[in-house]
Amino acid sequence: MEQSIEILDSDFVLRRIYEEHIKNDGSLKSNSFSDRNDTPSCHLQRLVAIQTIWGMDGVVCLARLRVGSIRELGLDVVHDPTPEDTSHCLIVKKHSCKNPREKKIRRQLVSISEKYYEANSIPEAATS
Amino acid sequence: MPNTQRLLIQVLELKERQQLEDSYPRLVRALENIRQLKPNWDSYGGDPPSNETVDYAYLLISQLQKAAKDRGLGLPEPEIGPGAKGTIQLEWDIDQKAFELEFSILNNQPRYFSLVCPSEDDSTWDEDSFSLDVVGHRHINLFLSWI
């Protein structure tokens, strides 16, 4: 089993974006962060090879989010490595909430996302 | 879902569908693309919307268009997209306000329906879930008052 690592505020995570997530004007729809379990998956940038993500079928863009900004929304990022993807993380709620406003959360995540349409345009991740 | 609503979905006239294609060709193309989605369409395990859900989207947009027309208004074209739980989402952003309708239907039963109507003041976010038969009144009227 992979060991979880500490995720810092200064870290960045990446979310794969598909054509169905992009508005006519090029901005992101809130369904970009729609998730079956309401814990959107993402990659910890410092642990992932960007080219691997770009090589996945249908990926048209990557959304890049600073972990500190996610935490300021009352959310957290936890490392959830899988055998296939050691960079795998989940965006989770910090506190259990009886009636979380999922759509509000998704829109807030969109608002703090930077979009990258080319792999080589993504700034390098800081290494801790 | 009430029988009347189910019937409405089944008998959505070709004429109405054609009207939607004339008014919103991009949206109709997007809906038909959504109809073709396969399981795991987003590579995160997302469920594709059912055919019934896609059909309901046509009906809902058609009803909204009529409701707007009755008020002498045009319905702005929504952004449309699938959600990860087999839902379809309609999204309007108008004058820094946003309105979203998200729904899915499986075996003629509504599974999920929610909306959010934030204003510029973040404290006024309004988000809830509804059964499909009660949609259309307070929130739809609020939406129509924006356009």
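Just so it is clear: chains get the letters A, B, ... in the order the sequence lines come, proteins before strands, and each one is counted from 1.
- Checking A/Thr39 against A/Asn37 by side-chain atom types alone, no donor-acceptor pair falls below 3.5 Å.
- For the residue pair A/Glu114/A/Tyr116, the side-chain donor-acceptor check at 3.5 Å is satisfied.
- For residues 21-35 of chain B, the interface with chain A (any heavy-atom pair closer than 4.5 Å) comprises B/Arg26, sorted by residue number.
- The salt bridge (charged side-chain N to carboxylate O under 4.0 Å, His left out) search around A/Glu19 returns none, not counting sequence neighbours.
- Neither the backbone nor the side chain of A/Ser32 comes within less than 4.5 Å of any heavy atom of chain B.
- Using bins of under 30°, 30° to 60° and over 60° for the plane-to-plane angle, the ring pair B/Phe103/B/Tyr56 lands in the perpendicular bin.
- Classification of B/Glu91 and A/Lys29 as a salt-bridged pair fails, no side-chain N sitting under 4.0 Å from a carboxylate O.
- Aromatic rings from A/His43 and A/Trp54 are positioned such that their centres are separated by 6.0 Å or more.
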